[in-house]
*Asks:* 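Quick one: the structure is below, and I'll ask about it shortly.
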Amino acid sequence: MKKIFYWSVPIKSFTAMIFAGFIILYMITGTFYSFITSEPFEFAIPFMFAIQSVILSIIISVLWIFIFSEIFIKTMRYFLRLIIFSLTLLPVFAVFLLVIFAVPADWTKLWLVITGLIFIGLIIISLLFECYFRLIGKRYTDILKDYKLNME
């Protein structure tokens, strides 16, 4: 039972955050899209959008937990993990784009914008983490050098 909670709680939490981000971005981009194009925007969320958002949120969170946590990959630089994550996420986005084009609707433009924003957001967050880890690593290296100098 402990292992189930160990695996499911982070995935569930991250999935909920990503899904909430999808919904918030849908409303924000819908409002801006309506303002720019002068087309009316219905604030009702399409059922297919919600289903696709849930599925994509689960896939992103599972990939994120498996690649960026210490579960499977014990020692690897963060930037390499980011590359692996991006390369595994691209086919998922390709499949979702094919599904979107197969089911034409008014909200597909918004879906493309939202997916792009999520992807850009993940890249920005990941690059910020990479910079943060490098700064922390450099700081600890400097502290270790000072410690070694003081010990001699």
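If you read the sequence from its start, that first residue is 1, and numbering goes on from there.
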*Asks:* What's the spacing between Ile11 CD1 and Ile60 CD1 if we round to 0.5 Å?
*Replies:* 13.5 Å

*Asks:* Please name the pair of heavy atoms, one in Ile67 and one in Phe85, separated by the smallest distance, quoted to 0.1 Å.
*Replies:* CD1-CA, 3.7 Å

*Asks:* Checking side chain to side chain contact (heavy atoms under 4.5 Å, CB included) against Arg139, which of Ile143, Thr141, Leu135 comes through?
*Replies:* Ile143

*Asks:* Are side-chain heavy atoms of Tyr132 and Leu128 found at a separation under 4.5 Å?
*Replies:* no

*Asks:* Considering all heavy atoms of both residues, which atom of Val92 and which atom of Thr88 are nearest to each other, and what is their separation?
*Replies:* CG2-O, 3.7 Å

*Asks:* What pair of heavy atoms forms the shortest contact from Tyr26 to Ala44, and how long is it?
*Replies:* OH-O, 4.0 Å

*Asks:* Roughly how far, to the nearest 0.5 Å, is CG of Leu149 from CG of Leu144?
*Replies:* 9.5 Å

*Asks:* Establish whether Ile58 and Ile55 are linked, either directly or via other cluster members, by ILVMFWY side-chain heavy-atom contacts under 4.5 Å.
*Replies:* yes

*Asks:* Are Tyr140 and Phe133 linked, directly or through other ILVMFWY residues, by side chains that come within less than 4.5 angstrom of each other?
*Replies:* yes

*Asks:* In terms of hydrophobic clusters joined by side-chain contacts under 4.5 Å, are Leu127 and Ile136 together?
*Replies:* yes

*Asks:* For a quick test of reading the model, state the closest non-hydrogen atom pair linking Val54 to Phe19 and the distance between them.
*Replies:* CG2-CE1, 3.5 Å

*Asks:* Any idea which heavy atoms bring Thr15 and Ser61 closest together, and the distance?
*Replies:* OG1-OG, 2.5 Å

*Asks:* Is Phe32 reachable from Ile45 through a run of I, L, V, M, F, W or Y residues, each pair having side-chain heavy atoms under 4.5 Å apart?
*Replies:* no

*Asks:* Please check if the number of heavy atoms outside Phe66 that lie under 6.0 Å from its CZ is greater than 12.
*Replies:* yes

*Asks:* Grouping I, L, V, M, F, W and Y whenever their side-chain heavy atoms are under 4.5 Å apart, do Ile51 and Ile18 come out in a common cluster?
*Replies:* yes

*Asks:* Please answer whether the main-chain N or O of Gly30 pairs with a side-chain N or O of Ser34 as donor and acceptor at a distance below 3.5 Å.
*Replies:* no

